[in-house]
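Working notes for the structure below.
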Amino acid sequence: MTDQVVELLVIGGGPAGLSAVRAYREAGGLGRVVLVAADPDSPYERPPLSKDFLRGEQAEGDFGLLDEGELARLEVTWARDRVVSVDVEARRVSTREGADFAYRKCIFATGANPADLPVPGGEDSSLLRLRTLEDGRRLRQAVAGAKTVAVIGSGFIGCEAASSLRRLGVEVVQVTNEYAPQENRLGDEAAARIARWLTEDGVHLVTGVTVTAIERDAQGATVQLAGREPVRADEVLLAVGVRPASDLAAEAGLRLHEGRILVDAQMRTSADGVLAAGDVVHAFNTAAGRGISVEHWFDAETMGKIAGRSAAGVEGAEWSSPPGFWSQIGDRWLKYAAWGDGYVEALYEEGEGDAFTVWYQDENGTCVGVLTYKADANYDKAFSLLG
């Protein structure tokens, strides 16, 4: 088959991929643009999947990312397909459906996939995950007939989903190896506050335990715990983090760092003409002065924009903003920003009413992160301190 020649080939249709296309055109990028996305659904926001969508408060069409007629205005071909190989020397891409492209610039925006649990039964495809819209549909359908759901993991997705499931009237048991949700990342006092919120929502927390196996049968599942009574549930939601979708990049010979594509502040990889952005990268941040890996929606959009501008030949486009995200547990919004390499001290500050702020400092007393609840002024202030 003759190669289809394109100026820009984008792999992945999430926030990084879409923002890359938009930024490329806004920066004056010319020529044919093709975006290849394995997700069969049109681009959508992922944050509602564990909240409004899961609770049935938001319909699928309410959180799409594309404006009406935007693809035509951007002059981009959106291919529902999966890239199976990239030859960075020949600058060629092949897809599962048999398409072949010759590109001038290519952007990897392949994101990440839900991680399995490394225990017997932890890779079972019948276990629920939550990453894509199709995952969200499956989760909603599964819990519609369930009385009890076990949520394994106490990261932000696990906590958001546990609270949302309770609002659907499902009994929820949340299992975690942490002694309180988010304790490792956010510190004791913030974790205690989150645990209280979840308990108030009716979530039964089982903390400080290790899952040793997950056993499925016709009636549901049993989560085996080390030294504790097993948890029995109709359905199990795995929320134990993600792994970068970097297999394609590794096969193409791109340099990786701890499983992520290594890029500079302009999102350029080790191969000429190839850029990468989003959850799949370990990117150099000029303000931090080092490489950072993040898994946040806002940062994926920001990195995609930089990659698109770089692909269009714009000089000076670089990643310099502190990583950050928001999380909604029930009706409560947490706002978090941090450089992501830990802290020495967490200073808990009570605010008016039930508001609070946690300031994270390094060994020199420098602010390296902030967590706020109903304290937007402190959240805004933190960005000047982090920057």
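Under the 4.5 Å side-chain heavy-atom criterion for ILVMFWY residues, no single connected hydrophobic cluster contains both V143 and V173. Criterion: ILVMFWY side-chain heavy atoms under 4.5 Å apart, direct or through other members. Under it, L238 and V170 are not part of a common hydrophobic cluster. The hydrophobic cluster containing V151 does not contain V211, counting ILVMFWY residues as joined when their side-chain heavy atoms lie under 4.5 angstrom apart, directly or transitively. Linking ILVMFWY side-chain heavy atoms closer than 4.5 Å, directly or via other members, places I292 and M267 in a single hydrophobic cluster. L225 and V203 end up in different hydrophobic clusters when Ile, Leu, Val, Met, Phe, Trp and Tyr side chains are linked at under 4.5 Å.
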| field | Worked check of side chain to side chain donor-acceptor pair (under 3.5 Å) between D124 and S126 | value | CA-CA 5 Å; D124 191 333; S126 68; 2.9 Å; yes
| field | From CA spacing to verdict: side-chain contact (heavy atoms from CB on, under 4.5 Å), W78, V21 | value | CA-CA 11 Å; W78 199 282; V21 170; 5.7 Å; no
| request: Test salt bridge (Lys or Arg N to Asp or Glu O under 4.0 Å) on D39 and R131 and set out the steps. | output: CA-CA 11 Å; D39 194 325; R131 181 72 177 178; over 6 Å; no
| Pair R196-D354, salt bridge (Lys or Arg N to Asp or Glu O under 4.0 Å): steps then yes or no | CA-CA 12 Å; R196 187 161 66 248; D354 56 351; over 6 Å; no
| task | Would you check, one step at a time, whether the test side-chain contact (heavy atoms from CB on, under 4.5 Å) holds for F325 with D299? | result | CA-CA 8 Å; F325 64 94; D299 296 294; 5.9 Å; no
| message | Checking I152 against I214 for the side-chain contact (heavy atoms from CB on, under 4.5 Å) test, could you report, in this order, the C-alpha distance in whole Å, the side-chain angles of both residues, the deciding distance, and whether it holds? | response | CA-CA 10 Å; I152 301 178; I214 303 174; 3.7 Å; yes
| request: Check the pair S94, D100 against side chain to side chain donor-acceptor pair (under 3.5 Å), reporting the backbone distance first and the verdict last. | output: CA-CA 5 Å; S94 298; D100 291 292; 2.5 Å; yes
| message | Show, in sequence, the C-alpha distance, side-chain angles and deciding distance for L186 and I194, and conclude whether the side-chain contact (heavy atoms from CB on, under 4.5 Å) test is met. | response | CA-CA 10 Å; L186 303 178; I194 294 172; 3.8 Å; yes
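For the pair D116 and R243, the salt-bridge criterion is not met [side-chain N within less than 4.0 Å of a carboxylate O]. Ion pairing of D341 with R290 is present here, as a side-chain N (NZ or NE/NH1/NH2) and a carboxylate O approach within less than 4.0 Å. Note on R25 versus E70: no salt bridge recorded, every NZ/NE/NH1/NH2 to OD/OE distance being 4.0 Å or above. Taking the charged nitrogens against the carboxylate oxygens, E60 and R137 do have a contact shorter than 4.0 Å, which makes a salt bridge. Salt-bridge check for D331 with R167: passed, with a basic side-chain N closer than 4.0 Å to an acidic carboxylate O.
Residue G304 comes nearest to S19 through the heavy atom pair CA-OG, 3.3 Å, listed as atom of the first residue, atom of the second, then distance. Annotation for Q174 and A162: closest pair OE1-CB, 3.5 Å, computed over non-hydrogen atoms. Shown here for I306 and A317, the closest heavy-atom pair between the two residues is CG2-O, 3.7 Å. Between L127 and G121, the closest heavy-atom pair is CD1-O, 3.3 Å. Scanning both residues, A109 and G17, for their nearest heavy atoms gives CB-N, 3.6 Å. In terms of heavy-atom proximity, L8 sits nearest to A311 at CD1-CB, 4.1 Å.
By the side chain to side chain contact (heavy atoms under 4.5 Å, CB included) test, D52 pairs with R55, E57, Q58, Q328, sequence neighbours left out. Residues satisfying the side chain to side chain donor-acceptor pair (under 3.5 Å) test with R80, not counting sequence neighbours, are S42.
For Y373 and W197, the gap between ring centers is short of 6.0 Å.
The CZ atom of R140 sits 11.5 Å away from the CG atom of L165 when rounded to the nearest 0.5 Å. The OH atom of Y348 sits 9.0 Å away from the OG1 atom of T357 when rounded to the nearest 0.5 Å. For the atom pair CG (D135) and CG (L128), the distance works out to 8.5 Å, reported to the nearest 0.5 Å. Of the inter-residue distances, the one linking Y343 atom OH with Q361 atom CD reads 12.0 Å to the nearest 0.5 angstrom. One distance of note links CZ of R193 with CD of E189; it measures 9.5 Å at 0.5 Å rounding. The OG atom of S50 sits 4.0 Å away from atom CD1 of I157, with the distance rounded to the nearest 0.5 Å.
D272 CG: 12 or fewer foreign heavy atoms inside a 6.0 Å radius. Within a 6.0 Å radius of CZ in F63, other residues, nucleotides and ligands contribute more than 12 heavy atoms. Heavy atoms of other residues, nucleotides or ligands lying less than 6.0 angstrom from CH2 of W326 number 12 at most. By the 6.0 Å contact criterion, NZ on K305 is open, its count of non-hydrogen atoms from other residues, nucleotides or ligands being 12 or less.
Evaluated for a side chain to side chain contact (heavy atoms under 4.5 Å, CB included) with T269, the options L256, I261, I107, V281 yield exactly one hit, I261.
Residues V34 and Y103 fail the side-chain proximity criterion, which asks for heavy atoms closer than 4.5 Å. Counting heavy atoms from C-beta on, the side chains of C159 and L198 come closer than 4.5 Å. You'll find the side chain of S246 stays beyond 4.5 Å of the side chain of T110, heavy atoms only. Counting only heavy atoms from C-beta outward, the side chains of R268 and V263 never approach each other to under 4.5 Å. Here the side chains of Q224 and V119 are not in contact, with every heavy-atom distance at 4.5 Å or above. Using a 4.5 Å heavy-atom cutoff, the side chains of D279 and P244 are not in contact. For the pair Y44 and T132, the minimum side-chain heavy-atom distance is below 4.5 Å. Contact annotation: the side chain of Y360 approaches that of Y336 to within less than 4.5 Å [non-hydrogen atoms, C-beta and beyond].
Distance alone, capped at 3.5 Å, is enough to place a donor-acceptor pair between the D81 side chain and the E97 backbone. Of the possible polar contacts, one joining the S164 side chain to the E160 backbone as a donor-acceptor pair under 3.5 Å is found. The backbone N or O of A221 sits nowhere less than 3.5 Å from a side-chain atom of R216 that would complete a donor-acceptor pair. At least one donor-acceptor pair closer than 3.5 Å links the side chain of R166 to the backbone N or O of G202. Judged by distance alone, with hydrogens and angles left aside, the side-chain atoms of W319 form no donor-acceptor pair with the main-chain N or O of T302 at under 3.5 Å. A donor-acceptor contact shorter than 3.5 Å links the side chain of R73 to the backbone of E68. Within the 3.5 Å criterion, the main-chain N or O of Q182 finds no donor-acceptor partner in the side chain of R185. Of the possible donor and acceptor atoms, none in the side chain of T210 sits under 3.5 Å from a partner among the backbone N and O of A226.
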